[in-house]
Amino acid sequence: AGAGDQAALGAAAALPFARAIPAWGNAGRARRLIVFYFPDGVAGRSQSGESGFWTCRNEGADVRLSEICEPLGELRRQVLFLNGLTMGSTDEGSHPGGAKKLLTARDGGAGESVDQFLARTVGRDLPFRHVLLGAMANQNNATGDKHISYSSAQVTLAPEDDPVRAFSRLFSMGTVSTPVGMTVDAGTPTAPVVDDTARVLDTALADLNDLRGALGNTERVKLDTHLEALREVSNRVARLSPGGMTASDAGVAMPPAMTSCGMPRLAFEGVSGMGLYQPENFPAVLRAQMDVMVQAMACGLTKVGVIQSSQHTSELIMSRFRGSEMHDPGFDMRSHQASHYGARQERTNRLFTDFLKQRRWWVSQFAYLLEQLRQRPEGDGSMLDHSLVLMCSEVSDGNTHSHADMPFLLAGRGGGCISPGRVSDHPGVRHGQLLAAVARAMGADVNGWGDAGDGVLPILT
């Protein structure tokens, strides 16, 4: 890594704490947005009319969690549960049609997605305007409507599926003004490897120690916490490389050749050739991508990010996730397979019970992401207090493929413009109004989003 890269990383590491740098945005405005996508919907309203496994309800001043949302636990107080939103009737019953409308709110993906809009407006001055990460999002050479982020009408961007590549690019090339989306083509020449990034961190420490001496006790503690987290993410990502991943990283079994060896010298392709698309490794890869996203935002490298977990009509074999409640080494159960559980939501049906377990697992991953944000101090609270995190899928019920009563969760307080810990019902309202509210919370001057025209969901305080 060159001197410019070292200086950039040092500045990135210090950014949240340097007094000379003004606070991001205004009071009552979200500092960042993370979109967390999962495939194939939930157990919503079935063909027979049941709807008791996803929808949460207000219970006095608290929220009664549904069976699928139970993994949120105490984090429910950080979540706004949105019921009743619809993506419209066009392409109703279609996975691809839902994916096209999800972030564009336009039929057929006929426009820019809200994340890309925010990247080129409120996020335009940051080193990375947009960070687009995936976990098996590009499996089987996926293109087009398998991806959810649209740079323009019918033009999608492919996520970066390799956390080693993502980490190396973010933290070793921080001086580069990167176009919307940070994906790296397979043929791109190799960039600085992760152990070089570790040496950059060591070099940056001298400058950060000078900064530390100028800080008060409270800010000094925040800086120490931040640096410790940065090193931890660096070490965890290193273990995802050939020769580095261990079963303890996410309760998954790895090939025998992949053993722990501290901070190895890494090839830039990371785990690409060593199990990046093996389903049993998916939990470790997804968790690493969430860690990388949170760290990039903590360092001020970006304020707009998308994590795409798999792809619609997902062939992800979730029964191979060791340590999860759906783990079954003797039976391969795929996400899309389980979503077609039939007309009724019956516990005697293996497909349905596995689908419930899978959906709970996705919520547990969302909870992990929220917890990482909540653990990091920022301003007068935590990163989660100043963030918005949107959980979403391309259909509502996985079996009917409906685009009505979509499963949207919005977490964080957005710097004070969102009041979470409650259920907000909006029957029949177009989901473009939710996207407009998110954009407004981020400081964008919009009065609506997508085909529904004007309208901002009344969730902002």
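Side chains included, hydrogens not; waters and symmetry mates left out as well; all remaining heavy atoms used.
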Quiz item: Is there a salt bridge (Lys or Arg N to Asp or Glu O under 4.0 Å) between Arg360 and Glu325 once you walk through the steps?
Solution: CA-CA 9 Å; Arg360 286 170 55 87; Glu325 62 178 327; 2.9 Å; yes
Exercise. With side chain to side chain contact (heavy atoms under 4.5 Å, CB included) as the test, would you mind laying out the steps for Phe171 and Gln295 before giving the verdict?
Key: CA-CA 10 Å; Phe171 293 99; Gln295 193 63 53; 3.6 Å; yes
Self-check item: salt bridge (Lys or Arg N to Asp or Glu O under 4.0 Å) evaluation trace for Asp328 with Lys357
Solution: CA-CA 12 Å; Asp328 185 346; Lys357 294 173 184 177; over 6 Å; no
Practice problem: Apply side chain to side chain contact (heavy atoms under 4.5 Å, CB included) to Leu80 and Leu409, showing your working. | Solution: CA-CA 6 Å; Leu80 180 63; Leu409 302 181; over 6 Å; no
Quiz item: Going through the checks in order, is the ring pair (Phe, Tyr, Trp, His ring centres under 6.0 Å) test met by His95 and His336?
Solution: CA-CA 10 Å; His95 285 277; His336 188 228; 5.0 Å; yes
Exercise. Using the side-chain hydrogen bond (donor to acceptor under 3.5 Å, both in side chains) rule, take Glu315 and Ser335 through it: C-alpha gap first, then chi angles, then the decisive distance, then the call.
Key: CA-CA 6 Å; Glu315 293 301 306; Ser335 172; over 6 Å; no
Practice problem: Dump the intermediate steps for side-chain hydrogen bond (donor to acceptor under 3.5 Å, both in side chains) on Ser314 and His312, then the final yes or no. | Solution: CA-CA 5 Å; Ser314 174; His312 70 70; over 6 Å; no
Practice problem: Decide side-chain hydrogen bond (donor to acceptor under 3.5 Å, both in side chains) for Lys100 and Ser94; before the verdict, give the C-alpha distance in whole Å, the side-chain angles of both, and the deciding distance to 0.1 Å. | Solution: CA-CA 10 Å; Lys100 292 174 181 178; Ser94 163; over 6 Å; no
Self-check item: CA sep, side-chain torsions, deciding dist, call: Gln372, Arg287, side-chain hydrogen bond (donor to acceptor under 3.5 Å, both in side chains)
Solution: CA-CA 11 Å; Gln372 299 316 297; Arg287 183 154 293 192; over 6 Å; no
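For the residue pair His386/Glu378, the side-chain donor-acceptor check at 3.5 Å is not satisfied. The closest side-chain donor-acceptor pair between His147 and Ser149, if any, does not fall under 3.5 angstrom. Side-chain contact check for Asn83 and Asp425: at least one donor-acceptor pair (N or O, by modelled atom type) lies under 3.5 Å. Looking only at atom types and distance, the side chain of Asn399 has a donor-acceptor partner in the side chain of Gln47 under 3.5 Å away. Between the side chains of Ser310 and Gln139, no donor N or O sits under 3.5 Å from an acceptor N or O. Under 3.5 Å, the side chains of Asp145 and Tyr150 contain no donor-acceptor pair of N or O atoms. In this structure, a donor-acceptor pair under 3.5 Å is present between the side chains of His130 and Asp115. No side-chain donor from either of Arg45 and Gln345 sits under 3.5 Å from a side-chain acceptor of the other. A donor atom on one side chain and an acceptor atom on the other are not found under 3.5 Å apart for Arg413 and Ser382. Side-chain atoms of Glu346 and Tyr341 form no donor-acceptor pair, as typed in the model, at a separation below 3.5 Å.
Between the CH2 atom in Trp449 and the CG atom in Leu103 there is a gap of 10.0 Å [rounded to 0.5 Å]. Taking CE from Met326 and CE from Met318, the interatomic distance works out to 3.5 Å, rounded to the nearest 0.5 Å. Atom-to-atom distance recorded for Leu75:CG and Ser364:OG is 11.5 Å, nearest 0.5 angstrom. The structure places OG of Ser309 at 8.0 Å from CD of Gln365, a figure rounded to the nearest 0.5 Å. Taking CE from Met87 and CG from Leu102, the interatomic distance works out to 6.0 Å, rounded to the nearest 0.5 Å. Note that CZ of Arg334 and CZ of Arg320 are 7.0 Å apart. Values are rounded to the nearest 0.5 Å.
A 4.5 Å side-chain heavy-atom check between Phe355 and Met333 finds every atom pair outside the cut-off. Side-chain contact check for Leu373 versus Val294: some heavy-atom pair is nearer than 4.5 Å. Looking at Leu384 and Gln375, their side chains never come closer than 4.5 Å, going by heavy atoms from C-beta outward. Contact annotation: the side chain of Arg359 never approaches that of Val363 to less than 4.5 Å [non-hydrogen atoms, C-beta and beyond]. Proximity of Trp361 to Ser324: side-chain heavy atoms (C-beta onward) are separated by under 4.5 Å at one or more points.
Counting only distance, with no hydrogens or angles, the side chain of Arg32 and the backbone of Met383 share a donor-acceptor pair below 3.5 Å. Not a single donor-acceptor pair under 3.5 Å links the side chain of Asp405 to the backbone N or O of Leu85. At distances below 3.5 Å, at least one donor-acceptor pair connects side-chain atoms of Asp397 with backbone N or O atoms of Thr400. A donor-acceptor contact shorter than 3.5 Å is absent between the side chain of Asn140 and the backbone of Ala142. No side-chain donor-acceptor contact under 3.5 Å links Ser89 to the backbone of Glu92. The backbone N or O of Gly398 lies less than 3.5 Å from no partner atom in the side chain of Asp40, so there is not a single donor-acceptor pair. Of the possible donor and acceptor atoms, none in the side chain of Arg129 sits under 3.5 Å from a partner among the backbone N and O of Leu126. Judged by distance alone, with hydrogens and angles left aside, the side-chain atoms of Ser168 form no donor-acceptor pair with the main-chain N or O of Val164 at under 3.5 Å. At least one donor-acceptor pair closer than 3.5 Å links the side chain of His401 to the backbone N or O of Gly93. The backbone N or O of His327 sits nowhere less than 3.5 Å from a side-chain atom of Ser319 that would complete a donor-acceptor pair.
Scanning both residues, Ser396 and Ala404, for their nearest heavy atoms gives OG-O, 2.9 Å. Counting all heavy atoms, side chain and backbone alike, Gln337 lies closest to Asp332 at OE1-O, 3.5 Å. Closest of all the heavy-atom pairs between Ala439 and Val114 is CB-CG2, 4.2 Å. Of all heavy-atom pairs between Val446 and Val456, the closest is O-CG2, 4.2 Å. When all heavy atoms are compared, the tightest approach of Val285 to Asp161 is CG1-O, 3.9 Å. Between Ser393 and Pro39, the shortest heavy-atom distance links the atoms OG-C, 3.6 Å.
Between Phe366 and Phe36, the ring planes lie tilted relative to each other; the angle falls in the 30° to 60° range.
Exactly one residue among Met391, Lys303, Met293 makes a side chain to side chain contact (heavy atoms under 4.5 Å, CB included) with Ile34. That residue is Met293.
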